[in-house]
Amino acid sequence: MAKRPRSHASSKALSDTGLRFRLLVDSVIDYAIFMLDTEGRVVTWNPGAERIKGYRAQEIRGRHYSCFYPEEALRAGTPAHLLQVAAAEGRCEDEGWRLRKDGSRFWANVVITAVRDGAGRLRGFSKVTRDLTEPRRAQEALEEKTRALEAAQEALVRRERLAILGQLAGGLSHELRNPLGVVKNSAYYLRMVLPADEAARKHLAIIEREVQTANRIVTALLDFARVSVPRRVPSDLNAMVRARLEREAVPDGVTVTAALAEDLPLVAVDSEQIVLAIGNLILNALQAMPGGGTLTVETSWTAQDVLIGVTDTGVGIAPEHVDKIFEPLFTTKARGIGLGLAVVKRLLEANGGRITVESTPRQGSRFLVRFPRASEDS
Ligand SMILES: Nc1ncnc2c1ncn2[C@@H]1O[C@H](COP(=O)(O)OP(=O)(O)OP(=O)(O)O)[C@@H](O)[C@H]1O
Ligand SMILES: [Mg+2]
């Protein structure tokens, strides 16, 4: 059989295993494939390694492979550890952030294999690295989107639940008003006609007190259910705080301090609703100081916001409760309903405000309300 000289020459060359292997490795550009000596210094380098890591063969040969690892992996001793595992077990796989020559990071999948000679002596390591940055980014973006979607769904469920609860509370309290009124009137009648019997009068007093409590609950439920669309006009928060504090019956042992900022900008709110919200915050603050203390109501402003702070030196809020206190029906009080702060939050949000809280158990709490400044033309 006659063979053409060129193909004869190349097939002869390809029969040389070493050359064939080198050609194979040199043709790979999607994987960094290279050898390390037993110490971890780079011995060979392929075009894939150059493409992924950014070093040329002549500048990286002889350098220790730990230069591919970021600071935190070096501190953890990862490069040496991976070689130890590969030497002990024959092979080691790892995934993590690695550094390119220009300092940028890429997400790498790495397989390190121990290379031994016929006598079983360790001669070095082969290392194959894949750049998985893109799939990783795509996965991260997907996870981020999923999280955002879940949060939106949760918010929706919460809002729906609140709306239903509001309707239910509104309907129920309306229905309860009438029978409570009847009980109250009947108790009043009995008080008039009953002889001066000590025990009977005591029980009447109990009935009247409990009716009063039930009425308080009904009012709170109605407040919660009936947060109406606010009539927002530029208003002065200082005036609202003053009006509210004037009405306040301050318990013995409590000192009230008002620190109202001068030149406080106006905010576009429904002042009736905001007075109600401030009132609930003050009531909570006073209830938190059964042994007395200081209630401070202050106003202040920044370039963007106008703020009201309500601070007490009371019992404080347990860290595990802080996230729950604005939820309807959450209460830690024996006679509480747990609607005060839920109403506050609804009222503030309807008026463009936000509320945050900081608290230290046994030292006190500070509720901070923030409204955006009314724009000139509002
Ligand atoms: N200033 C405060 N200091 C300490 N704890 C507070 C304060 N304000 C609120 N809390 C906590 O938050 C909970 C919820 O408050 P919220 O006003 O919503 O309900 P409540 O005061 O318990 O009952 P009510 O419906 O009568 O207001 C309280 O039970 C209390 O545990
Ligand atoms: Mg309350």
Side-chain angles (χ1 to χ4, degrees), residues 158-159 161-162 165-166 168-170 172-174 176-177 180 209-227 241 244-245 247-259 273-299 307-351 353-370:
R158 216 182 114 69
R159 220 174 308 146
R161 217 172 45 193
L162 272 182
L165 197 65
L168 208 72
L172 193 68
S173 33
H174 205 78
L176 283 175
R177 275 248 152 118
L180 280 173
R209 198 184 63 217
E210 292 304 311
V211 166
Q212 214 174 357
T213 303
N215 265 324
R216 201 171 58 84
I217 295 175
V218 165
T219 307
L221 280 170
L222 275 174
D223 278 347
F224 174 70
R226 272 198 309 218
V227 172
V241 171
R244 181 65 230 193
L245 284 179
R247 267 199 261 150
E248 207 58 62
V250 180
D252 285 346
V254 173
T255 313
V256 179
T257 317
Q273 294 190 339
I274 300 310
V275 170
L276 188 61
I278 299 172
N280 275 342
L281 292 177
I282 291 176
L283 182 64
N284 278 345
L286 295 176
Q287 288 172 346
M289 301 186 287
T294 306
L295 163 71
T296 309
V297 184
E298 72 216 279
T299 54
L307 300 97
I308 310 177
V310 178
T311 308
D312 64 65
T313 56
V315 293
I317 302 165
E320 66 269 25
H321 291 162
V322 168
D323 284 343
K324 304 200 184 109
I325 56 173
F326 293 100
E327 282 174 16
L329 307 180
F330 176 84
T331 181
T332 57
K333 299 172 190 169
R335 296 183 77 82
I337 309 164
L339 281 178
L341 287 179
V343 170
V344 168
K345 190 158 189 252
R346 278 187 110 182
L347 288 172
L348 294 178
E349 283 173 359
N351 283 276
R354 279 178 293 142
I355 183 165
T356 52
V357 60
E358 283 168 21
S359 183
T360 310
R362 290 181 302 282
Q363 288 189 20
S365 312
R366 174 180 162 83
F367 286 81
L368 198 62
V369 178
R370 195 181 283 269

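One-based numbering, in listed order, for ligands and for the atoms of each. For reference, positions follow the sequence shown, starting with 1.
In this structure, Leu339 and Asp223 have side chains that are not in contact, with every pair of non-hydrogen atoms separated by 4.5 Å or more. Within the 4.5 Å cutoff, no side-chain heavy atoms of Leu176 are placed close to those of Leu221. With a 4.5 Å cut-off on side-chain heavy atoms, Leu348 and Ile274 count as touching. A heavy-atom distance below 4.5 Å is not found between the side chains of Thr255 and Thr296. With a 4.5 Å cut-off on side-chain heavy atoms, Lys324 and Thr332 do not count as touching. Using a 4.5 Å heavy-atom cutoff, the side chains of Pro319 and Pro361 are in contact.
Among protein heavy atoms, the minimum distance from atom 31 (O) of ligand 1 is reached at Thr332 OG1, 2.4 Å. Nearest to atom 14 (C) of ligand 1 among the protein's heavy atoms is Phe330 O, 3.3 Å. Distance from atom 17 (O) of ligand 1 to its nearest protein heavy atom, with residue and atom name: Asn284 ND2, 2.8 Å. Looking only at protein heavy atoms, the nearest one to atom 16 (P) of ligand 1 is Leu341 N, 3.6 Å. For atom 5 (N) of ligand 1, the nearest non-hydrogen atom of the protein is Ile317 CG1, 3.3 Å. The single protein non-hydrogen atom nearest to atom 11 (C) of ligand 1 is Ile325 CG2, 3.8 Å, given as residue, atom name and distance. Protein heavy atom closest to atom 22 (O) of ligand 1, with residue, atom name and distance, is Thr331 OG1, 2.6 Å. With respect to atom 21 (O) of ligand 1, the closest heavy atom belonging to the protein is Lys333 NZ, 2.7 Å.
Residue-to-ligand polar distances place Leu339 within reach of ligand 1: an N/O pair is separated by less than 3.5 Å.
Set against the non-hydrogen atoms of Ile337, the atoms of ligand 1 under 4.0 Å away are 23 (O), 24 (P), 25 (O), 26 (O). The atoms of ligand 1 that sit less than 4.0 Å from any heavy atom of Ala288 are 2 (C), 3 (N), 4 (C). Residue Gly336 has at least one heavy-atom neighbour below 4.0 Å for each of these atoms of ligand 1: 23 (O).
At a cut-off of 2.8 Å, Asn284 coordinates the Mg ion (ligand 2) through an N, O or S atom.
Closest of all the heavy-atom pairs between Ile355 and Phe326 is CG2-CE2, 3.6 Å.
When Ala334, Ala285, Gly338 are checked for heavy-atom proximity to atom 24 (P) of ligand 1, Gly338 turns out nearest. Across Pro361, Gly340, Pro328, Gly364, heavy-atom proximity to atom 27 (O) of ligand 1 is greatest for Gly340.
Assignment of Phe367 to the shell around ligand 1 is supported, since a heavy atom sits closer than 4.0 Å. Taking 4.0 Å as the cut-off, His321 does not count as a neighbour of ligand 1 on heavy-atom distance. Gly314 does not count as a contact of ligand 1, since none of its heavy atoms falls under 4.0 Å from the ligand. Distances from ligand 1 to the non-hydrogen atoms of Gly316 include at least one value under 4.0 Å.
Counting only distance, with no hydrogens or angles, the side chain of Ser359 and the backbone of Gly364 share a donor-acceptor pair below 3.5 Å. Listed for the Asp312 side chain is a donor-acceptor partner under 3.5 Å among the backbone atoms of Ser365. A distance-only check finds a donor-acceptor pair linking the side chain of Thr313 to the backbone of Thr294 [under 3.5 Å]. A distance-only check finds no donor-acceptor pair linking the side chain of Arg177 to the backbone of Val218 [under 3.5 Å].
In this structure, Gln212 places its CD atom where only 12 or fewer heavy-atom neighbours from other residues, nucleotides or ligands lie under 6.0 Å away.
In Asp312, the part holding a heavy atom less than 4.0 Å from any atom of ligand 1 is the side chain.
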